[in-house]
Amino acid sequence: LPDPIQMKYHIFNRIFLWLGFAFLFIKKRASIFRRSDLFLWVFLIAIGINVLFAQQKGVALRTYFSLAIPMFCIYYLVSESILLGNNFILLAKVISLFSILVALGGVFEAVFRFNPLYAYFIENHYYTRYITGFVRPMSTQLHPPILGSYLLASLPFNLLLLRQERRYSKLLGAIGVVLGVVVAILTLSRGVFLGLVAVILFLLWVNKKRKTILFFLIALLIFITLFSYIPYPLNRLGFSGLLFQGHSIFSSYRLERLQMAKQIIKEHPFVGLGFQHFRLRFYDYYPGKEKVPYEFMIPDNMYLTILAETGILGFLGFLAFIVFILFKAWKKQRRLKENPEARQQLIIVLASFVALLTHMAAYELFY
């Protein structure tokens, strides 16, 4: 569901999550808590300290709860002791089915240049911009990069179903993979494209497909070269579009945000400005003189956002949490060589993390 709906009915989201956690706790009691959860608690505490020092504490506190409550509940609801074997396959099927529906919405949008969701029901300031000219699909996700992020995270689960023996699962996975990749590329988001490349390279590498990696890199080089000579907006996925134009990797836009984050950390090293305060105090640190549209008054990079808004403490808490999860999962998958099914399930989760962590460098994924 798009963000406006989730914001409007956020109380129902929280009730649903708390009920799920309460049911789990009643069933499992204290056994759901483990020593390894320490990194989750460190993370949640570290990113919350900024609230005490934020200029607008109410804004920072609301944002903290909107992040911390889902993170806490989902962390335990999809923990290792709950999602094993067939339960994991069921989760993969649910994710696959919804990703197919969302991707089909993107296909409908691109073909008919129309999205009834935003035309009639939900206000979307980006709708007119992306529905005209070359349509960059938004489907149910309000904005092309967010749609791409959703499909990227779903892609590994579709790949898992593609490896199953049952024909229904294979078909579901195949449809999900094709639609997911096509619609993700149609968003023409640089971050989505790089996330797609990262997840493919990761899966090839972890499955020791060394020769296939070489062929993929050659195909990728040809793809980027061809797109370099295609008119805008398709050339966003060409060399110049990826590296220097617009909001690309080495653009002045990105370098300005990096400079702003450095200045913020210099003045507020430990706890940062507070959640949402990069935007609230944007002109205190912006080096330019021109007026910046509201939507671009952000770092446009989740790592910079965490660093600038939660400081070194929050950033280190985040890094410790992510690195621990990845390290623990990587060690475990190496021990599961005699159980290829469980190993592949773990690799799928890692691949989804890789996709999201890559795309996080291109926009505020948490928000």
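Excluded from the calculations below are hydrogen atoms, water molecules and symmetry mates; all remaining heavy atoms, backbone and side chain alike, are included.
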N/O donor-acceptor pair under 3.5 Å between [X] side chain and [Y] backbone:
{"X": "Tyr64", "Y": "Leu44", "result": "yes"}
{"X": "Asn50", "Y": "Leu273", "result": "no"}
{"X": "Gln263", "Y": "Gln259", "result": "no"}
{"X": "Tyr126", "Y": "Pro144", "result": "no"}

Can you give me the closest heavy-atom contact between Val199 and Pro156, atom names plus distance?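 Scanning both residues completely, I find the closest heavy atoms to be CG2-CG, 4.0 Å.
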With a 6.0 Å cut-off on the ring centroids, do Phe72 and Tyr76 count as close?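 Aromatic pair counts; centres sit under 6.0 Å.
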Are [X] and [Y] side-chain neighbours, meaning at least one heavy-atom pair lies under 4.5 Å?
{"X": "Asp300", "Y": "Glu364", "value": "yes"}
{"X": "Thr305", "Y": "Tyr367", "value": "yes"}
{"X": "Leu357", "Y": "Tyr303", "value": "yes"}

What about Phe366 and Phe296, same hydrophobic cluster or not, with Ile/Leu/Val/Met/Phe/Trp/Tyr joined at side-chain heavy-atom distances under 4.5 Å?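 Phe366 does not cluster with Phe296.
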SB check Arg281 Glu267 (cutoff 4.0 Å):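 No.
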By ring-ring contact (aromatic ring centres under 6.0 Å, His included) - contacts of Phe112 (at least two apart):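 Per chain and number, Phe112 pairs via ring-ring contact (aromatic ring centres under 6.0 Å, His included) with Phe108.
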Just jot down the ring-ring contact (aromatic ring centres under 6.0 Å, His included) partners of Phe227, sequence neighbours excluded, or say none.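 ring-ring contact (aromatic ring centres under 6.0 Å, His included) check on Phe227 returns Phe223.
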Checking side-chain polar atoms at under 3.5 Å, does Tyr363 have a donor or acceptor matched by the opposite partner on Ser149?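 Note: Tyr363 and Ser149 side chains meet the donor-acceptor criterion.
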